[in-house]
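Read the structure below first, then the notes.
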Amino acid sequence: MAEEVLLFGVWGSPFSRRVEMALKLKGIQYKYFEEDLTNKSPTLLKYNPIHKKIPVLVHNGKPIAESQVILEYIDETWKGYPIFPKDPYERANARFWAKFIDEKCLPGIFNACWGEEKQHENAVKEACELLKHLENEIGEKKYFGGEAIGFLDIVANFIGFWLGIFEEASGTKLLTREEFPKLSNWVGVFVSSSGIKENLPPARDKLIAYFRSQFGTGSTDATK
Amino acid sequence: MASQEVKLLGFWVSPFSIRVEWALKLKGVDYEYIEEDIFNKSSRLLELNPVHKKVPVLVHDGKVMAESFILLEYIDETWKQDPLLLPQDPYERSKARFWARVAEEKLLEYSFTAMCTHGEKKEQALKSAVEAAEKIEEEMKRNNKKFLGGESIGYLDLAMGWIAYWLPVWEEVGSMQIVDPSQFPATTAWSKRFLDHPVIKQNLPPRDKMLVYFHERRKILGGLV
């Protein structure tokens, strides 16, 4: 039976790009559908009725939603390039930091870039405290996954690429080389890695303009 | 096998630490339970979970881990005896992980908020909680086995177990109803079967103490939520 893999995504979304990175690392052929989030397709709503969000992976007619859940599915279904570590403790650690990135870092960074002006200084301080944890976690490793890109690197694509976009769009600088030398190094390695660099959104200016149009030009008295 | 030292830091009324205890007990894994006062956190807890400063924390042969769903997966991967908590099939596994998140991020969040608030905020949270409960009810209806994990309790049963026991307490404390048995027959039937399981039945916090505790929480959080 011919295998059918469909991916519903949005070109500028870190979440759908995560899934593309995983599919490409595994060498899986898939058909991509670009969604217009202001006018969601009936197909998307059929495949993700609960959240009505992208990304959604459809494998032989079976839909899977939530980017981290999709990454686990991809690694369990297709052999070849290993996305997750083998050891249960390392897996728990990778999942822990992935959850931390999505549940704490993303909102924290968003708040620092586009939160209320009078909370700006505090929000920046908090976002930097969150990034400090990642600075400690990457340590001397080339990638979060060790010698090769793994699950946590893919989830951290937000830090690797979109953080820079947010910083430029909002005028708030968070990830400085002085304060975060190791994480800054990782960013450089990550975006130039084969398997990743081809899968980052093109048209950086368009992406910056998009975020500005969605969230504004950011807190003006950014001191960082 | 070398000494398997397992420690679990928990809090007596936390559905998050209790679901980990359920998993360990179902698998027959010996562990040392350490009660933490989450309102007066020990230096040990702050050292073991500096990022979130929360329970549960699992320490296995010196390896420290946190986040209850992650701990359930770790337990299943490390102790491979029955019951197998996650399904074998990757698609079924993805569904279990997906629904665990729905129950946690929607039903639990909104229910707890509805319990602690009043007026417009409460009404909104209640409405969202019921919507989430309806989606879960459909899933429960679709599952025609004894538990969501099949014939034995699995990951999704453990993830949703709080619905069977904590939610009715929150409903009472919050003077509200989210899972009306007549509107949610599948969830209600599953809740009863879940609580009837000998391991679960013997590992529940006392209801009267829970009512006192959550009444207090409601008062304190009422102004802040």
Legend entry - Region of A/H51 in contact with chain B, defined by heavy-atom distances below 4.5 Å: side chain

Inset, instruction - Salt-bridge test for A/E72 and B/R93: reply yes if a basic N is under 4.0 Å from a carboxylate O, no otherwise. - result: no

Inset, instruction - Heavy-atom distances under 4.5 Å only: say whether A/W97 touches chain B with side chain, backbone, both or neither. - result: side chain

Legend entry - Any B/Y91 side-chain heavy atom under 4.5 Å of A/I64 side chain: yes

Inset, instruction - Tell me, yes or no, whether the heavy-atom count around B/K145 atom NZ, taken from other residues, nucleotides or ligands under 6.0 Å, exceeds 12. - result: no

Legend entry - Contact origin within A/K99 toward chain B - heavy atom pairs under 4.5 Å: side chain

Legend entry - Within 6.0 angstrom of B/K146 NZ, more than 12 heavy atoms from elsewhere: no

Inset, instruction - Flag yes if more than 12 heavy atoms outside B/K127 fall under 6.0 Å of its NZ atom; otherwise flag no. - result: no

Legend entry - Considering all heavy atoms, the nearest A/P88-B/T78 contact: CB-OG1, 3.7 Å

Legend entry - Atom group of A/E90 that falls short of 4.5 Å from chain B, counting heavy atoms: neither

Inset, instruction - Answer yes or no: are there more than 12 heavy-atom neighbours, outside B/D30 itself, under 6.0 Å from its atom CG? - result: no

Legend entry - B/E131, CD: over 12 other non-hydrogen atoms inside 6.0 angstrom: yes

Legend entry - Non-hydrogen side-chain atoms of B/R101 and A/V69 separated by less than 4.5 Å: yes

Inset, instruction - Using a strict 4.0 Å threshold on nitrogen-to-oxygen distance, state whether B/E73 and A/R95 make a salt bridge. - result: yes

Inset, instruction - Pick whichever of A/F96, A/Y73, A/Y89 has the most heavy-atom pairs under 4.5 Å with chain B. - result: A/Y89

Legend entry - NZ on B/K106 to CD1 on A/I50, rounded to 0.5 Å: 9.5 Å

Legend entry - Heavy atoms from other residues, nucleotides or ligands near CD of B/Q81 exceed 12 (cutoff 6.0 Å): yes

Legend entry - Top contributor to chain B contacts, counting heavy-atom pairs under 4.5 Å, from A/K104, A/E129, A/R91, A/H59: A/R91

Inset, instruction - Please round to the nearest 0.5 Å and tell me the distance separating atom CD1 of A/I74 and atom OG of B/S94. - result: 11.0 Å

Legend entry - Heavy-atom closest pair, residues A/T77 and B/P90: OG1-CB, 3.5 Å

Inset, instruction - Report the C-alpha separation of B/K95 and A/K62 in whole Å, then their side-chain angles, then the decisive distance to 0.1 Å, and conclude whether the side-chain contact (heavy atoms from CB on, under 4.5 Å) test is met. - result: CA-CA 10 Å; B/K95 283 206 297 187; A/K62 295 174 296 194; over 6 Å; no

Legend entry - Separation between CZ of B/F98 and CD1 of A/I70, rounded to the nearest 0.5 Å: 10.0 Å

